[in-house]
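One structure below.
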Amino acid sequence: MEHSFQIIGEYMPLFLKGTWVTVQLSLLAILFGTLLGLFIGLGKMVKNPFINMPCAWYISFFRGTPLLVQILLIHSALMPLFMKPPNVFISSVLALSLNAAAYIAEIFRAGIQSIDKGQMEAARSLGMNHVQAMRHIILPQASRRMIPPLGNEFIVLIKDSSLVSIIATPELMYYARAMMGQYYRPWEPYMTAALMYLILTLGMAFILSKIERKFVYD
């Protein structure tokens, strides 16, 4: 049996390639999940039941079912309706974004509702309409309170991206499983993957801590 460092060195270019794919997946899912989550969170707060009910059902479905099941459904059932064969990268980004949006929507909703209602009333009394009040008064205050929970969700999203290896997306965990299948040695591939995920999450935590200090505590 080859020495552990030799087989890690053999697979390191693939691990680095998989890490780059993981970073791409995570950043795209954060971007699309945040944008979609904002609209769903606002939609859930609307009094019109034709708007808030679908938003509430969306949140309940994606928070109440396993992400692994969602990935398989989206890749195997939904994506074949639009492309054949389905692209694993697109399926992965879509599944992670839709899942993250449900959690981010609740973060936006809670952050907005944490602002005293008198702020909205004061803005309206100054002649602002609802959209202007949300944009200039409510959201700037709420965004400061939403940074910590959003940061936690982004870190969770990086770790959750490992689940897309189930549909053969060539990210970090995919190559760890491939190394395990070739050498039948679990320690080296999975520990290497764990350390690389740790580097990614610590890097994200460091960036978020800088943002939090600047916008929350300054």
Any donor-acceptor pair under 3.5 Å from Ser114 side chain to Gly111 backbone
yes
Hey, are Gln141 and Arg145 close enough side-chain-wise for a donor-acceptor pair under 3.5 Å?
no
Got a second to check how far Leu67's CG is from Asp160's CG, nearest 0.5 Å?
5.5 Å
Partners passing ring pair (Phe, Tyr, Trp, His ring centres under 6.0 Å) against Phe15 (at least two apart in sequence or in another chain):
none
Interatomic spacing from CG in Leu36 to CD1 in Ile104 - rounded to 0.5 Å:
9.0 Å
So, the side chain of Asn52 versus the backbone of Asn48: is there a donor-acceptor pair under 3.5 Å, distance only?
yes
Classify the side-chain pair Ser92/Thr169 by whether it contains a donor and acceptor separated by less than 3.5 Å.
yes
When hydrophobic residues are tied together by side-chain contacts of less than 4.5 Å, even through go-betweens, does Val21 share a cluster with Ile71?
yes
Tell me if a side-chain donor or acceptor on Ser125 pairs with a main-chain N or O of Ala122 at a distance below 3.5 Å.
yes
Between Tyr183 and Glu10, is any side-chain donor less than 3.5 angstrom from a side-chain acceptor?
yes
For residues 172-181, which side-chain N or O atoms pair as donor and acceptor with protein atoms under 3.5 Å away, sequence neighbours left out?
| from | atom 1 | to | atom 2 | distance (Å) |
| --- | --- | --- | --- | --- |
| Arg177 | NH1 | Ser165 | O | 3.3 |
| Arg177 | NH1 | Ser165 | OG | 3.4 |

Is the closest side-chain heavy-atom distance between Ser162 and Tyr197 below 4.5 Å?
yes
Please find the pair of heavy atoms, one from Glu171 and one from Val164, that lie closest to each other, and give the distance.
CG-CG2, 3.7 Å
State the CD1-CG distance between Ile107 and Leu150, to the nearest 0.5 angstrom.
4.5 Å
Does Trp187 belong to the same Ile/Leu/Val/Met/Phe/Trp/Tyr cluster as Leu195, with side-chain heavy atoms less than 4.5 Å apart forming each link?
yes
For a quick check under 3.5 Å, do Gln182 and Tyr11 share a side-chain donor-acceptor pair by atom type?
yes
Any idea which heavy atoms bring Ile30 and Met204 closest together, and the distance?
CD1-CE, 3.8 Å
Roughly how far, to the nearest 0.5 Å, is CD of Glu188 from CD1 of Ile8?
5.5 Å
Can you see which heavy atom on Ala56 is nearest to which on Lys44, and at what distance?
CB-CE, 4.4 Å
Do Tyr58 side-chain atoms and Leu98 backbone N/O form a donor-acceptor pair below 3.5 Å?
yes
From CG (Leu73) to OG (Ser91), nearest 0.5 Å:
11.5 Å
